Amino acid sequence: MLRTNSPGTDAAAQASAAFSACAALYSGLSFNTSLSSPASLQNASYATTLLAHSEALYTFAVNASGGQTEYQNSVPAVADAYASSTFGDELTIAALFLGLAANSSEYFTQAESYYKNFSLAGQDGVFNWDSKTPGIAVLFAEVTSAMPHLGGNMSQWQTEAERYFDDILDGKSQAGMTEGGFCVTLQETLR
């Protein structure tokens, strides 16, 4: 049971995104690339259940009576183990995955609105458990390409994704590359 007066917007939205991603997987959705084909584990009733859970968690993340806040503010005991910096990226990715899984332009538009309202464009951090921002433009481009009827500007998302990776390659980012080509934060490369 969700405690609506003690939200963890980031945690609920991220769980919603995971349920939606799995719902898309189990419903056989794929992106329009030769590298992606529908998974062999299709199960329509399970996909429907996952989508229902995703929508419930998303609704909670957006509308909790206690307002939107990071999980550690609702459950201070976890502040040292899970100190999220913000919830804007989680709301964005949750709405985007819901748009994909539910085939919903409404969720897609909400994701674009979050992306803009939380000023996620142009960020140059590393993709990790706390910041999904660098991957969001890539996911927007993939969803826009695979499902253009949802809306979105493919050129905009492709440009944003390419800018992020170009900045890494050009040394203009907080993220960097290892000799093996793995993206890491500059702090991690110093360890």
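On a predicted model such as this, the values are computed, not experimentally measured, just so you know. Position 1 is the first residue of the sequence; numbering continues from there.
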Interatomic distance, CE@Met154 vs OG1@Thr159, rounded to 0.5 Å, equals 9.5 Å
Under 3.5 Å, is there a donor-acceptor pair between the side chain of Asp170 and the main chain of Lys172?
-> no
**Study point:** Leu96 vs Tyr107, side-chain contact (heavy atoms from CB on, under 4.5 Å): CA-CA, chis, key distance, verdict
**Key:** CA-CA 6 Å; Leu96 184 54; Tyr107 287 129; over 6 Å; no
Smallest heavy-atom separation, Tyr26 atom then Leu41 atom, equals CD2-O, 2.9 Å
All heavy atoms of Glu55 vs all of Ala102, minimum pair found to be OE2-CB, 4.3 Å
*Backbone N/O of Ala44 and side chain of Thr48: donor-acceptor pair under 3.5 Å*: yes
- Query: Ignoring hydrogens and geometry, is there a side-chain-to-backbone donor-acceptor pair from Asp89 to Lys132 under 3.5 Å?
  - Reply: yes
Rounding to 0.5 Å, atoms OH (Tyr164) and OG1 (Thr133) come to a distance of 9.5 Å
In short, Ser27 meets Ala24 closest at the heavy-atom pair OG-O, 3.0 Å
Closest heavy-atom pair, Leu51 versus Ala101, reported as atoms and distance to 0.1 Å, is CD1-CB, 3.9 Å
If you apply the rule side-chain hydrogen bond (donor to acceptor under 3.5 Å, both in side chains), what do you find for Asn117 with Ser113, and how did you get there? CA-CA 6 Å; Asn117 293 340; Ser113 179; 3.1 Å; yes
Value for OG1 (Thr144) from NE2 (His149), rounded to nearest 0.5 Å, stands at 11.0 Å
Hey, what's the ring geometry for His53 with Phe19, parallel, tilted or perpendicular (30° and 60° as the breaks)? tilted
Looking only at side chains, do Glu160 and Gln156 share a donor and an acceptor under 3.5 Å apart?
no
Main-chain N/O of Ala12 paired to Ser16 side chain as donor or acceptor, under 3.5 Å: no
The reported gap from CD1 in Ile93 to OG in Ser20 (rounded to nearest 0.5 angstrom) is 10.5 Å
*Start with the C-alpha distance between Phe140 and Asn153, add both sets of side-chain angles, then the distance that settles side-chain contact (heavy atoms from CB on, under 4.5 Å), and finish with yes or no.*
CA-CA 9 Å; Phe140 263 118; Asn153 180 328; over 6 Å; no
Margin query: If you define the side chain from C-beta out and look only at heavy atoms, does anything of Trp157 sit under 4.5 Å from Glu162?
Written below: no
Determine whether a donor-acceptor pair (N or O, by modelled atom type, separation under 3.5 Å) exists between the side chain of Thr49 and the backbone of Ser45. yes
Note to self: Under a 3.5 Å distance rule, please check whether Ser145 uses its side chain to pair with a backbone N or O of Glu142 as donor and acceptor.
What the structure shows: no
Scanning both residues in full, the closest heavy-atom pair of Ala161 with Val138 reads CB-CG2, 3.8 Å
Taken to the nearest 0.5 Å, the spacing of Phe97 CZ from Tyr58 OH works out to 14.0 Å
Between the CG atom in Leu98 and the CG atom in Asn103, the distance rounded to the nearest 0.5 Å is 12.0 Å
Between Leu91 and Ala61 the two heavy atoms that sit nearest each other are CD2-CB, 4.1 Å
